[in-house]
Amino acid sequence: MISIALENVSKSYQADTPVVKNVDLDIEPGEFVVIVGPSGCGKSTMMRMIAGLERISSGTLRIGGKVANDIPPQHRDIAMVFQNYALYPHLTVAENIGFSLEMRGVSKTERLRRVEVVAHLLQLSDYLHKKPKDLSGGQRQRVAMGRAIARDAKTYLMDEPLSNLDAELRSSMRAEIKHLHRQLKATMIYVTHDQVEALTLADRIAVMNKGVLLQFDTPEKIYDDPASLFVAGFIGSPPMNFIEANCKEGIVQTTKEGTRIPITCPPELEGEDVVVGLRPENGVLSAGDKRMAIEFRGEVMLIETTGSNRNIHAKTATGPLLIVAPRSAAIGLGDNVSIGYNTEDAFLFEKKTGKRIHLS
Ligand SMILES: Nc1ncnc2c1ncn2[C@@H]1O[C@H](COP(=O)(O)OP(=O)(O)O)[C@@H](O)[C@H]1O
Ligand SMILES: [Mg+2]
């Protein structure tokens, strides 16, 4: 198992327009790190720099502690699964999996052995003699993965390997990839734009936006303690509610009727615009007698059933508010409701910078 470290790494394809900006990322040997962020934020560029397929404009990449900026890709001991995999249609599953080994001059006996091990790991043993056209989408994706892991590399990079699959298959493949990581005992870096995938797979998540690494931490920490407005809104489903407010006389104030947000503002934010963040799953639909510290009055505009719960969309004086309510809650369209939160559930952000303000 091997460590991968980026130190102040930047990348510009064109002069003066960096698409990856001063990224520091310290990945432990054997760790499963997920890089997540919206499309175009620089995820694939990061992977391609680590793999050696793209030059690093400035900064240092270390693999196993050694500076690797100029090591050619074939000497980095890294295997990569790409977003748009292409299998060789005229080759069988076994030949596809063994292809990179053959290119590397691995003996036929060893090749067959590796292919068998990998096929077993990916539950492809019964399909070794089939051609790609006779496989399902999920099986084909497993073959593509098998081709990468057949190499027995120290590090595996996976760039949105599940993005072409339907939802059900993605979820079962997620479990397989997690299992695979335990079996391979290798360092794994996985790229996705899907925050659910990031939360379920990662030992640690690196959240990126516009080429900047915003936060690098465990899934729990990212969810419980987001460092910025962007991270707070990106991680969690349904997404966090944001309410615009202002710091006046030391407390958060909205000018809207029927809203109470008794949160203290730090003195340096006096007069500044702020954003209050509240997770839908922490909201409580309260009856008249059950008053909570933070309160919104609103009207139910939409109810979505998610199976175990219901998503209640309310219209309040401060804007739309979404809360997750138990199925048993007796709520109907058009009802006037009161939505309550504990002050401990509130997140506060500076509007101008998006920076998280820790509440004391
Ligand atoms: N070969 C390239 N030449 C010029 N610009 C590129 C190239 N590859 C990517 N980009 C640009 O760099 C940015 C980051 O792209 P990419 O790393 O592919 O993002 P992601 O994988 O997060 O969607 C985008 O604005 C993209 O248009
Ligand atoms: Mg990409």
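All ligand and atom numbering here is 1-based and tracks the order in the structure.
- Heavy atoms from other residues, nucleotides or ligands lying under 6.0 Å from CZ of Phe242 number more than 12.
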Under the side-chain contact (heavy atoms from CB on, under 4.5 Å) rule, what do Asn342 and Met292 come out as? Steps first, then yes or no, please. CA-CA 6 Å; Asn342 294 315; Met292 298 181 73; 3.4 Å; yes

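- Between the side chain of His181 and the backbone N or O of Gly30 there is at least one donor-acceptor pair closer than 3.5 Å.
- Within a 6.0 Å radius of NZ in Lys351, other residues, nucleotides and ligands contribute 12 heavy atoms or fewer.
- Under the 4.0 angstrom criterion for non-hydrogen atoms, Gly37 is not in contact with ligand 1.
- Evaluated by nearest non-hydrogen atom to atom 19 (O) of ligand 1, the leading choice among Gly42, Gly211, Ser12 is Gly42.
- An N or O contact shorter than 3.5 Å is missing between Val19 and ligand 1 by distance.
- Atom NZ of Lys11 has more than 12 heavy atoms from other residues, nucleotides or ligands within 6.0 Å.
- When only non-hydrogen protein atoms are considered, atom 5 (N) of ligand 1 lies nearest to Tyr13 CD1, 3.3 Å.
- Within 6.0 Å of NE2 in His358 there are more than 12 heavy atoms belonging to other residues, nucleotides or ligands.
- The option with the heavy atom closest to atom 18 (O) of ligand 1, from among Cys41, Ser44, Ser39, is Ser44.
- Closest protein heavy atom to atom 25 (O) of ligand 1: Gly40 O, 4.1 Å.
- Nearest to atom 15 (O) of ligand 1 among the protein's heavy atoms is Thr45 OG1, 3.9 Å.
- When the heavy atoms of Met49, Lys43, Arg48, Glu54 are ranked by distance to atom 22 (O) of ligand 1, first place goes to Lys43.
- Geometrically, Arg279 engages Tyr223 in a cation-pi contact defined by less than 6.0 Å to the ring centre and at most 45° from the axis.
- Here Met47 fails the criterion, with no N, O or S atom under 2.8 Å of the Mg ion (ligand 2).
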